[in-house]
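To start, the structure itself, in structure tokens.
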Amino acid sequence: MELYSRPSWDKYFMEIAELVSTRSTCLRRRVGAVIVRDKRIIATGYNGVPREIPHCIDQGCLRQKLGIPSGERHEICRGIHAEQNAIIQAALHGVSTAGGTLYCTFHPCILCSKMLINAGIKKIVFRGEYPDELAKEMLAQANIEMVNFNSLGE
């Protein structure tokens, strides 16, 4: 007789990524990321501006003001993506990301994809889509396993 059910590891870590996303200060999209190795969380990140900088929720969003579509002109965004912040968090604390799995609430963009490839991430589990075909192409070329969480039937 089973008194309770336990979530799968993928569901467990994806739910944590969703919780991490609630710390986001982006006006356009809340994103959370969790880097896991050997079923242990080694870093988390959410999208928002660098430390000591006024948040977009307080100051506004330049890309939004200029009407720039999602997935374009990353260079004028004041924020750092969740995946980037997770990699930075691991580096700040001296933790290797090599061989890790990234759980992310959205498919990574091209900038994050390039960083994840060089950070040694081997698998990415994501929930939402992101309009960036080059990112998908490069991740495939790097042989990173991509798993759409929605297709797992969890």
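Note that the numbering runs from 1 along the sequence shown for the chain.
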Item checked: Non-hydrogen atoms of A135 and P108 that approach each other most closely -> CB-O, 3.5 Å
Item checked: Working for side-chain contact (heavy atoms from CB on, under 4.5 Å), residues F149 and K11 -> CA-CA 8 Å; F149 182 79; K11 183 174 176 121; 4.1 Å; yes
Margin query: Which residues pass the salt bridge (Lys or Arg N to Asp or Glu O under 4.0 Å) test with E137, not counting sequence neighbours?
Written below: none
Item checked: Any residue meeting side-chain hydrogen bond (donor to acceptor under 3.5 Å, both in side chains) with E75, in chain and number order, not counting sequence neighbours -> R73
Check: How would you list all residue pairs meeting salt bridge (Lys or Arg N to Asp or Glu O under 4.0 Å) that involve residues 37-64, not counting sequence neighbours?
Finding: none
Next item on the list: Under the side-chain contact (heavy atoms from CB on, under 4.5 Å) rule, what do Y46 and V31 come out as? Steps first, then yes or no, please.
Entry: CA-CA 6 Å; Y46 54 87; V31 182; over 6 Å; no
Next item on the list: Mind checking salt bridge (Lys or Arg N to Asp or Glu O under 4.0 Å) for E72 and listing every partner two or more places apart, or none if nothing turns up?
Entry: none
Margin query: Listing request: all salt bridge (Lys or Arg N to Asp or Glu O under 4.0 Å) pairs with a residue in residues 115-136, at least two apart in sequence or in separate chains.
Written below: E18-R127, E129-K136, E133-K136
Check: Under the 3.5 angstrom rule, does the side chain of R78 hit a backbone N or O of P54 as a donor-acceptor pair?
Finding: yes
Margin query: Do L134 and I144 land in one hydrophobic cluster if side-chain heavy atoms of ILVMFWY residues count as linked below 4.5 Å?
Written below: yes
Item checked: Hphob cluster co-occupancy, I42 + F126, side-chain heavy atoms under 4.5 angstrom -> yes
Note to self: Can a donor-acceptor pair be found, under 3.5 Å and without considering hydrogens, that links the side chain of Q59 to the backbone of C56?
What the structure shows: no
Next item on the list: May I ask you to list the residues sharing a hydrophobic cluster with I68, side-chain cutoff 4.5 Å, ordered by chain and number?
Entry: L62, L66, I76
Check: Can you list the residues that meet the side-chain hydrogen bond (donor to acceptor under 3.5 Å, both in side chains) rule with R28, with sequence neighbours excluded?
Finding: none
Item checked: Partners meeting side-chain hydrogen bond (donor to acceptor under 3.5 Å, both in side chains) with N47 (sequence neighbours left out) -> S24
Item checked: Shared-cluster residues of I53, by chain and number - hydrophobic side chains joined below 4.5 Å -> V49
Item checked: Gap between atom CZ of F13 and atom CD1 of I41 - 0.5 Å precision -> 5.5 Å
Margin query: Within the 4.5 Å heavy-atom criterion, are I121 and T97 side-chain neighbours or not?
Written below: yes
Check: Atom SG of C112 and atom CG of N85: how far apart are they, to the nearest 0.5 Å?
Finding: 9.0 Å
Notebook entry, point to check: Does M146 share a hydrophobic cluster with I87, counting links as ILVMFWY side-chain heavy atoms below 4.5 Å and allowing steps through other members?
Noted result: yes
Next item on the list: Using side-chain hydrogen bond (donor to acceptor under 3.5 Å, both in side chains) as the criterion, list what pairs up with T25, not counting sequence neighbours.
Entry: H55
Review item, side-chain donor-acceptor pairs of residues 99-106, under 3.5 Å, at least two apart:
{"unit_1": "Y103", "atom_1": "OH", "unit_2": "D10", "atom_2": "OD1", "d": "2.6"}
{"unit_1": "T105", "atom_1": "OG1", "unit_2": "G32", "atom_2": "N", "d": "3.0"}

Note to self: Set out, in order, the CA-CA distance, both residues' side-chain angles and the distance that settles side-chain contact (heavy atoms from CB on, under 4.5 Å) for M14 and V34, then state yes or no.
What the structure shows: CA-CA 8 Å; M14 185 57 74; V34 176; over 6 Å; no
Item checked: Selection residues 108-120 - residue pairs positive for side chain to side chain donor-acceptor pair (under 3.5 Å), sequence neighbours left out -> none
Notebook entry, point to check: With the 4.5 Å side-chain cut-off for hydrophobic clustering, are Y130 and V147 part of the same group?
Noted result: no
Next item on the list: Mind checking the CD1-CD1 spacing from I124 to I35? Nearest 0.5 Å is all I need.
Entry: 9.5 Å
Next item on the list: Starting at CG of L111, measure out to CD1 of I80 and round the result to the nearest 0.5 Å.
Entry: 12.0 Å
Notebook entry, point to check: Which atoms form the tightest heavy-atom contact between A98 and S96, and what is the distance?
Noted result: N-OG, 3.1 Å
